[in-house]
There are 4 protein chains.
Amino acid sequence: MSPTTPRKRLSREESQAQTRARLIDTARQLFVTNGYGGTSIRDIADEAGYSQGAFYSNFASKEEVLLELLRGHMEAEAAHLSNVIDSDGRAPEQILSELESWAATLNNDADWCMLSIELQLHANRSPTFAAEYQTVWDAHRAGLGRVVGRLFAMLGRTPPAEPEELAGAFMALTHGLALQRVGGRPDPSGRLILVFLRGLIASAGLPDAAPGADAEQAGQIPPYPGG
Amino acid sequence: MSPTTPRKRLSREESQAQTRARLIDTARQLFVTNGYGGTSIRDIADEAGYSQGAFYSNFASKEEVLLELLRGHMEAEAAHLSNVIDSDGRAPEQILSELESWAATLNNDADWCMLSIELQLHANRSPTFAAEYQTVWDAHRAGLGRVVGRLFAMLGRTPPAEPEELAGAFMALTHGLALQRVGGRPDPSGRLILVFLRGLIASAGLPDAAPGADAEQAGQIPPYPGG
Amino acid sequence: MSPTTPRKRLSREESQAQTRARLIDTARQLFVTNGYGGTSIRDIADEAGYSQGAFYSNFASKEEVLLELLRGHMEAEAAHLSNVIDSDGRAPEQILSELESWAATLNNDADWCMLSIELQLHANRSPTFAAEYQTVWDAHRAGLGRVVGRLFAMLGRTPPAEPEELAGAFMALTHGLALQRVGGRPDPSGRLILVFLRGLIASAGLPDAAPGADAEQAGQIPPYPGG
Amino acid sequence: MSPTTPRKRLSREESQAQTRARLIDTARQLFVTNGYGGTSIRDIADEAGYSQGAFYSNFASKEEVLLELLRGHMEAEAAHLSNVIDSDGRAPEQILSELESWAATLNNDADWCMLSIELQLHANRSPTFAAEYQTVWDAHRAGLGRVVGRLFAMLGRTPPAEPEELAGAFMALTHGLALQRVGGRPDPSGRLILVFLRGLIASAGLPDAAPGADAEQAGQIPPYPGG
DNA sequence: TATGAATGAGTATTCATTCAT
DNA sequence: AATGAATGAATACTCATTCAT
């Protein structure tokens with residue numbers, strides 16, 4: 001609008017970016033709703049209001065949109081995590097409340113979860129995709145693992161399994177619960193995730209104090225031995 | 001049945017049953033490997049050694065095999081549970097060891113889990129299928145919920161959420177972990193499930209005794225209030 | 001019709017064979033007219049009066065029809081040759097008249113030639129096809145080479161190049177002339193082929209008698225040295 | 001053109017010419033390798049290092065590049081022929097050695113031959129193209145025919161068919177042999193063409209002397225009667 | 001002139017399903 | 001019950017060409 005940056009100049013690049021963005025967004029919605037295999041390129045193009053050729057002007061193949069979504073997924077998750085990770089010097093309560101709000105988000109985030117499941121399923125089938133996927137996944141798991149580790153450290157407790165494994169398990173729980181969602185029933189995902197988190201903390205040993213106390217309460221199940 | 005042709009009669013029925021059984025079994029394997037959408041009826045028929053027509057002599061549609069698998073799934077799960085449920089008068093340790101062995105099975109049971117995921121995904125998409133699926137699912141969740149409830153009762157503890165919800169969460173965890181399986185990496189599913197179970201028990205309140213003890217250890221997270 | 005071979009029995013197999021034959025025949029016509037690349041499976045199916053699926057019930061791929069045509073081509077050519085080859089003890093004039101009639105056929109055989117060119121072109125591009133093609137081609141060239149060799153032997157002359165090479169050259173000439181055909185202009189193929197054949201015979205040396213006589217007449221061009 | 005910018009002006013035109021030339025050259029290579037139908041405009045543009053738009057800035061359609069190639073083909077062939085034709089007063093041996101060296105060229109000229117075949121095939125299919133093609137073809141055939149006629153005249157012989165027809169036949173032979181080329185096998189094209197040429201000369205009648213001598217040797221095949 | 005995103009028709013191939021045998 | 005040829009619609013992807021920039 002200003003004299004130095006007239007609107008018309010950017011119009012072309014912008015319109016290209018818009019096309020691409022609309023296709024990506026439509027693809028995400030359809031993948032979530034109908035699955036990757038259940039979504040055709042014609043569906044995506046039609047729904048986005050373009051021709052099939054427009055799709056192929058922007059992506060080399062159907063799988064490449066999925067990769068694009070994967071990248072977006074990764075960035076969103078990373079941004080999410082950085083909020084929690086950068087909380088140096090905060091009290092445990094603050095981290096917990098961060099996690100709590102994160103868990104609450106999940107209730108409204110069914111789409112992301114379903115997309116994540118589609119990504120995982122496709123990775124199980126396409127070796128090409130699997131390689132790219134694993135990188136993103138491992139990075140995310142490591143990031144969430146660091147948050148988990150930090151939380152236990154702040155509480156002065158030994159986590160009952162490798163923090164990364166626990167991170168993976170929480171993601172598994174999240175995805176599995178997303179899969180159980182049925183229209184019309186309330187979704188207890190966020191609440192249940194916190195219940196499990198509280199459980200882990202409760203069963204975590206105090207490194208120096210008597211570590212067996214909790215285990216005793218938990219019956220005959222021995223605590224996680226190593227860090 | 002008649003004395004002159006006792007075998008033939010049976011053999012014909014048997015051969016039909018065999019055809020059907022082989023088709024179902026082949027379908028299960030292929031659905032697990034390639035997904036429901038990624039498996040064609042020709043694939044199933046070819047792999048089972050029959051014609052496509054044979055498939056349609058046994059099933060009205062592709063979805064009907066999935067229903068058949070669902071029924072088999074249900075039966076298998078129910079049988080599994082009844083081992084644990086019928087253990088009236090057993091000590092908590094015994095139930096826990098049952099659960100432990102069940103968790104161990106999961107490591108080798110990736111196929112059932114993947115099938116379960118396929119069923120869930122398809123239920124999300126096909127209303128016809130969803131109704132049938134929900135019945136089975138609810139029954140199974142209720143059954144596992146009863147086991148969970150009984151376990152907590154035996155331990156004299158209040159579960160930190162509705163036993164049925166906890167049951168659903170464990171199934172979610174199991175499925176989510178199955179999805180994360182990557183060829184070549186060890187699968188920690190069984191171990192992690194037990195870690196989470198121990199956590200729940202550790203964080204469960206002793207109904208009459210001082211209920212805050214665990215919560216105190218777990219920091220500022222209040223325990224699950226109601227049963 | 002007879003009681004032992006009722007018509008109805010064969011009806012199914014026959015109708016299948018008919019479908020296949022019609023598709024092959026339509027494919028040949030279209031390949032000749034529009035080329036292999038210029039002919040779509042939809043074209044073939046539509047023109048033959050079937051669905052595209054019917055095509056794929058009969059052939060695994062587009063290339064496979066071409067292979068089928070190749071086989072037919074081979075058989076027709078072989079049959080053609082056996083007429084000439086089996087003429088043991090015939091006089092040279094008879095062989096020549098056979099060849100003359102064969103050359104005459106070519107005028108009406110533009111289709112076979114164009115098909116042959118399509119086959120050769122496709123062999124240049126598809127390694128899969130090339131292997132199958134080369135076998136057929138070599139066999140046919142060897143067969144025609146034997147006819148050529150026998151002809152020169154009967155005339156008591158030494159051929160001016162390896163009979164197989166000469167055979168290849170005559171086929172090349174035939175194909176090249178077919179390519180030159182233009183609607184509306186008379187086609188001199190058959191006549192020209194015979195002109196060239198006469199030339200070869202005229203320039204062939206008499207093995208024992210003065211072999212240089214012809215060469216002398218032909219100017220400074222030395223005759224083909226080896227047999 | 002102006003003294004201040006003599007280079008720039010020219011360089012722009014030159015660069016346009018260069019773009020065009022590169023596109024034409026790339027098109028030729030790809031048509032030879034993959035055929036006209038098997039080559040896309042994107043292939044040409046990409047391989048030449050330009051955009052598809054650049055192609056359409058230089059050619060109105062895909063067929064127009066083919067026409068351009070046809071013109072270049074014609075010029076190259078005409079240049080080739082003028083070497084031979086302008087040799088007034090040379091001895092027959094010289095003409096023959098010219099032809100011999102031309103035939104030798106063919107061995108390395110598979111590309112031109114394949115292009116020629118593509119042109120002929122396309123002319124058979126596109127009426128637009130056919131008209132243009134026929135002009136070029138007829139001119140070239142007439143030119144080569146004149147060379148052939150002159151050769152026979154110098155040898156004092158009557159050609160066994162119209163010189164133009166013989167010219168066409170030699171081109172047919174050349175193209176047909178090019179089509180037979182298989183990677184890894186030696187190419188006998190040049191040698192065989194000379195063998196056929198020698199044959200024609202050997203079978204050509206001496207106009208005034210006893211014309212039947214050769215024919216007698218060639219068995220019962222009567223010589224070409226008319227000029 | 002040159003760009004390359006976008007179009008719309010077309011490509012080979014696959015699929016769930018039907019039906020005469 | 002079992003066969004498998006045939007259907008018709010769908011699938012991922014390609015192509016010559018257009019057009020705003």
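These numbers come from a predicted model, not from an experiment. Below, chains carry the letters A, B, ... as their sequence lines are ordered, and counting in each starts from 1.
For F:dA1, neither phosphate oxygen OP1 nor OP2 lies less than 4.0 angstrom from any side-chain nitrogen or oxygen of B:N58. One finds a side-chain N or O of C:T19 lying less than 4.0 angstrom from the OP1 or OP2 phosphate oxygen of F:dA6.
By the side chain to side chain donor-acceptor pair (under 3.5 Å) test, A:S116 is found to be paired with A:H73, A:H175, residues two or more places apart in sequence or in another chain being considered. By the side-chain contact (heavy atoms from CB on, under 4.5 Å) test, D:M114 pairs with C:L121, C:N124, D:V32, D:I117, D:L179, sequence neighbours left out. Partners of A:Y56 under the side-chain contact (heavy atoms from CB on, under 4.5 Å) rule, at least two apart in sequence or in another chain, are A:I41. Under the rule for a ring pair (Phe, Tyr, Trp, His ring centres under 6.0 Å), the partners of A:Y36 that lie at least two apart in sequence or sit in another chain are A:F31, A:H122. Under the side-chain contact (heavy atoms from CB on, under 4.5 Å) criterion, B:Y50 pairs with B:T19, B:R22, B:L23, B:A48, B:A54, sequence neighbours left out.
Atom CG in B:D111 sits 8.5 Å away from atom CG in B:L115 (nearest 0.5 Å). Going from atom CD of A:Q29 over to atom CD1 of A:I24 covers 12.5 Å, rounded to the nearest 0.5 Å.
Atoms CD (C:E14) and C1' (E:dA20) sit 15 Å apart, rounded to a whole Å. For C:F59 and E:dT14, the CZ to C1' distance is 18 Å, given to the nearest whole Å. Look at CD on D:E64: it is 14 Å from C1' on F:dA16, rounded to the nearest Å. Nucleotide E:dC15 holds its P atom 11 Å from the CG atom of B:N34, rounded to whole Å. Atoms CG (B:D46) and P (F:dA2) sit 16 Å apart, rounded to a whole Å. Distance D:L30 CG to F:dC15 P: 12 Å, rounded to the nearest Å.
For the contact set between residues 116-127 of chain C and DNA chain F, defined by any heavy atom under 4.0 Å, there are no members.
Applying the salt bridge (Lys or Arg N to Asp or Glu O under 4.0 Å) test to residues at least two apart or on different chains, none of the pairs has a partner in residues 42-61 of chain A. Within the structure, salt bridge (Lys or Arg N to Asp or Glu O under 4.0 Å) contacts touching residues 62-71 of chain B (residues at least two apart or in different chains) are B:R20-B:E68, B:E68-B:R71. Sorted by first and then second residue, the salt bridge (Lys or Arg N to Asp or Glu O under 4.0 Å) pairs with a member in residues 116-130 of chain D read C:E118-D:R125, C:R125-D:E118; sequence neighbours excluded. Residue pairs meeting the salt bridge (Lys or Arg N to Asp or Glu O under 4.0 Å) criterion with at least one member in residues 27-38 of chain A, sequence neighbours excluded, are A:D25-A:R28.
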Once each nucleotide of nucleotides 7-14 of chain F is scored for protein heavy atoms under 4.0 Å, what B/S/- sequence comes out, 5' to 3'?
BB--BSBB
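Comparing the helix axis at one end of the helix from E:dA2-F:dT21 to E:dT21-F:dA2 with that at the other, each defined from 5 consecutive pairs, gives an inter-axis angle of 10° (nearest 10°).
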